[in-house]
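As the structure is a computational prediction, the values presented were derived from the model and not from experiment.
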Amino acid sequence: NAGVTQTPKFRVLKTGQSMTLLCAQDMNHEYMYWYRQDPGMGLRLIHYSVGEGTTAKGEVPDGYNVSRLKKQNFLLGLESAAPSQTSVYFCASSYRASGLNEQFFGPGTRLTVL
Amino acid sequence: RKEVEQDPGPFNVPEGATVAFNCTYSNSASQSFFWYRQDCRKEPKLLMSVYSSGNEDGRFTAQLNRASQYISLLIRDSKLSDSATYLCVVNRGSNYKLTFGKGTLLTVNP
């Protein structure tokens with residue numbers, strides 16, 4: 001099993017450009033999450049999904065959109081990138097709700113917005 | 001009070017030392033507690049869950065004090081491979097969401 005994979009691993013954008021980050025998991029997990037990690041701060045939840053076709057806002061959702069059309073995939077979109085969105089983005093998944101079950105993380109995407 | 005607050009660190013210890021990390025949380029409704037480990041430029045990975053009665057996994061011991069809203073992690077006989085950032089993680093009362101502490105960096109020196 002590959003576990004949780006993320007595409008791309010690195011990306012540099014100019015302000016105003018758009019992009020989509022792809023997360024895929026092969027563990028048949030119901031729950032999926034997108035986090036960002038910035039220096040000196042803990043991981044912060046952007047959006048999450050409790051099942052195929054459902055999404056919900058996390059702690060810092062502004063400037064991001066998500067979609068979960070297939071159970072194994074969770075996409076994070078940036079419509080108009082801003083320098084404040086420079087960060088490391090982690091996707092995670094869990095079999096059950098994260099408070100009860102281990103979250104498995106992908107390797108991360110390092111995004112720089114110029 | 002921040003939701004999850006950890007020792008700022010960094011901790012530099014010699015091999016074989018015992019080191020303890022502390023963490024406090026503000027939401028008294030929290031029910032689930034974890035320690036995650038994150039190696040440099042890698043993803044976080046679950047180290048251990050923390051149970052009310054305390055629990056041990058080899059050289060690692062986790063303790064929970066609900067009255068004081070305090071969690072600890074003790075590492076005995078430190079190894080070079082223990083060098084990493086340790087994240088204190090607490091659910092927010094909703095099982096869907098976790099709050100991550102900023103992490104404490106540990107470096108174990110030969």
Problem set entry | For chain B, which residues of residues 14-27 of chain A have heavy atoms nearer than 4.5 angstrom | none
Problem set entry | Per-residue contacts, residues 36-43 of chain A versus chain B, heavy atoms under 4.5 Å | A/Gln37, A/Gly40, A/Met41, A/Gly42, A/Leu43
Problem set entry | Interatomic distance, A/Tyr48 atom OH to B/Leu98 atom CG [nearest 0.5 angstrom] | 11.5 Å
For this session: Rounded to the nearest 0.5 Å, what's the gap from CD on A/Gln6 to CD on B/Glu43? Could you check?
Result: 8.5 Å
For this session: Go through the atoms of B/Lys42 and report whether side chain, backbone, both or neither lie under 4.5 Å from a heavy atom of chain A.
Result: backbone
Problem set entry | Portion of B/Gln38 that has a non-hydrogen atom of chain A nearer than 4.5 angstrom | side chain
Problem set entry | side-chain contact (heavy atoms from CB on, under 4.5 Å) partners for B/Ala67, two or more places apart | B/Asn65
Exercise. Between B/Tyr36 and A/Gln103, is there a donor-acceptor pair closer than 3.5 Å when you use the side chain of the first and the backbone of the second?
Worked result: yes
Hydrophobic clusters here meaning ILVMFWY residues chained together by side-chain heavy-atom distances under 4.5 Å, can you tell me if [X] and [Y] are in one?
X: A/Phe10; Y: A/Val113; result: no
X: B/Tyr25; Y: B/Leu47; result: yes
X: A/Val66; Y: A/Val60; result: yes
X: A/Tyr35; Y: A/Tyr31; result: yes
X: B/Leu46; Y: A/Phe90; result: yes

For this session: Using a cut-off of 6.0 Å, state whether more than 12 heavy atoms not belonging to B/Lys45 lie near its atom NZ.
Result: no
For this session: Return yes when atom CD of A/Glu79 has more than 12 non-hydrogen atoms of other residues, nucleotides or ligands closer than 6.0 Å, and no otherwise.
Result: no
For this session: Determine the minimum heavy-atom distance between B/Pro44 and A/Phe105, stating which atoms define it.
Result: O-CD1, 3.4 Å
Exercise. Can you pull the ring-ring contact (aromatic ring centres under 6.0 Å, His included) pairs that have at least one residue in residues 50-73 of chain A, sequence neighbours excluded?
Worked result: A/Tyr64-A/Tyr89
Exercise. Hey, does A/Arg110 have a side-chain heavy atom less than 4.5 Å from the side chain of B/Arg41?
Worked result: yes
